[in-house]
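The structure under discussion appears below in the form of structure tokens.
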There are 2 protein chains.
Amino acid sequence: MNTEDKPELDGTTEQKIKAAAKKLFTQKGYSAVKTREIAAEAGINLALLNYYFRSKEKLFELVMADNFITFVDGASHIINNETTTFDKKVELLAAHYIDILIENPDVPRFVLNEIQNHPEKLAKAMSAKLDIFNSIIMKQLSEEIQKGNMMPVNRIHFMINIIGLAVFPFAAKPLLVKVGQINESTFVALLEERKLLIPIWIKNMYKPKEMN
Amino acid sequence: MNTEDKPELDGTTEQKIKAAAKKLFTQKGYSAVKTREIAAEAGINLALLNYYFRSKEKLFELVMADNFITFVDGASHIINNETTTFDKKVELLAAHYIDILIENPDVPRFVLNEIQNHPEKLAKAMSAKLDIFNSIIMKQLSEEIQKGNMMPVNRIHFMINIIGLAVFPFAAKPLLVKVGQINESTFVALLEERKLLIPIWIKNMYKPKEMN
DNA sequence: GTCTATATACGGATAGAC
DNA sequence: GTCTATCCGTATATAGAC
């Protein structure tokens, strides 16, 4: 399964349908998308959707797996790298999420929703990926604390904080645009700043008090 | 944690319908909810839904406004309070969001989705609320920086960080449960910790270097 | 105000021609 | 493989009895 099909304007009919479905399902969710809409977006006939994918639901499951992988796959490589330092992992993790979500801005909302609405499909989608709490970064976190480089820290809070600081702006984007008068280029600039700032913030959050 | 109990089984018919609609729309989104489902949940006849609210869409707009207000209304009081200190506002804001989302855990996902899917309805829903960037807390933030109590900080990042640290766990909850093996009571305990920790984290993130 | 019955449209899926 | 035409269940909404 290729995580990297972008909207395929050409390609096989099968690929066009899948790309159209991914775009629409990711933007609007399962129920809001009509099969006729997918067919129109793909520029093909409605009957071909069922010919290739049997049903709307099967097609959706493929999209869900794809999106879920987008969200967790790269991250698992980073947090389990044997050679990078702890600080480097924090830096890479923040940058990774921001970069991947710039390319796939609707994925967080999609994952959120469909995990709630179709929990039974999640098992299919996540094939034993992502055992965060037995990852290398967690071992390194314990070491940093033991060495006195960081204050003691709940590992769950720690992971929520890194990922949340990176992901939340994408979730909040529509609100930022409406309420905060942020435009597209301002938003991107903000994200680039955050790539640099998040590792610093994390460092500061858990920095041990140096003077008493 | 009222996710399980039937909303308003007493009250007027109109109230019962509205409460049922709010519960279902908030959990599943507009398209996934059927009017028959709302009627059943409210324990009334389908025809009464249209009798009181004309259409599914009108009913949805009411729910949307309600949920949007849940999300922004209390916050606007906190950030514009004339008497509380800056630190106190940070503390109240984090606690406010965590408390209100414990009671309304589905609201963040709902707001996220429906802002995306029905942006045209947002104008109706937000009645000129929430002008964050002209709020008291923003003035106080400038003062703190001027007094040297904080490092210079982009106000947008600052607001994203406070709200994100409070709200993101609710968005991530299904993932935490699946991937992180978090159960309900662990989750609540985590949230209570975060009420105390977020103000400290924010303080540390922006603490000026004290020694050179 | 509340119900039953129904009009009308829509959406997923398939049959069958080419 | 791709199309047109259509089946059939479901969804929103309303008519009209009580």
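Because only heavy atoms are used, hydrogens play no part in the values below, and waters and symmetry mates are left out as well, while side chains stay in. So you know, we letter chains A, B, ... as the sequences are listed, proteins then strands, and number each from 1.
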So, with a heavy-atom separation below 4.0 Å from DNA chain D, the residues of residues 37-50 of chain A are A:Asn45, A:Ala47, A:Leu48
Tell me every residue that passes side chain to side chain contact (heavy atoms under 4.5 Å, CB included) with [X], counting only those two or more places apart in sequence or in another chain.
| X | result |
| --- | --- |
| A:Asn154 | A:Ile156, A:His157, B:Leu190, B:Glu193 |
| B:Thr35 | B:Leu46, B:Leu49, B:Lys56 |
| B:Asn183 | B:Ser185, B:Thr186 |
| B:Lys28 | B:Ala32, B:Val33, B:Glu37 |

Quiz: residues 167-174 of chain B side-chain donor-acceptor pairs under 3.5 angstrom, not counting sequence neighbours:
from, atom 1, to, atom 2, distance (Å)
B:Lys173, NZ, B:Glu184, OE1, 2.9
B:Lys173, NZ, B:Glu184, OE2, 3.3

Identify whether any heavy atom of [X] sits under 4.0 Å from a base atom; if not, whether one sits that close to sugar-phosphate; answer base, sugar-phosphate or nothing.
| X | result |
| --- | --- |
| A:Arg36 | base |
| B:Phe53 | nothing |
| A:Tyr52 | sugar-phosphate |

For the residue pair A:Phe110 and A:Phe68, is the inter-centroid distance of their aromatic rings smaller than 6.0 Å? no
From the 5' end of DNA chain C to its 3' end, which nucleotides mark the outer limits of contact with chain B, defined by a 4.0 Å heavy-atom distance cut-off (strictly under)? C:dG1 to C:dT4
Residue pairs involving residues 34-59 of chain A (criterion ring-ring contact (aromatic ring centres under 6.0 Å, His included); sequence neighbours excluded): none
According to the salt bridge (Lys or Arg N to Asp or Glu O under 4.0 Å) rule, which pairs have a member within residues 41-54 of chain A, sequence neighbours left out? A:Lys23-A:Glu41
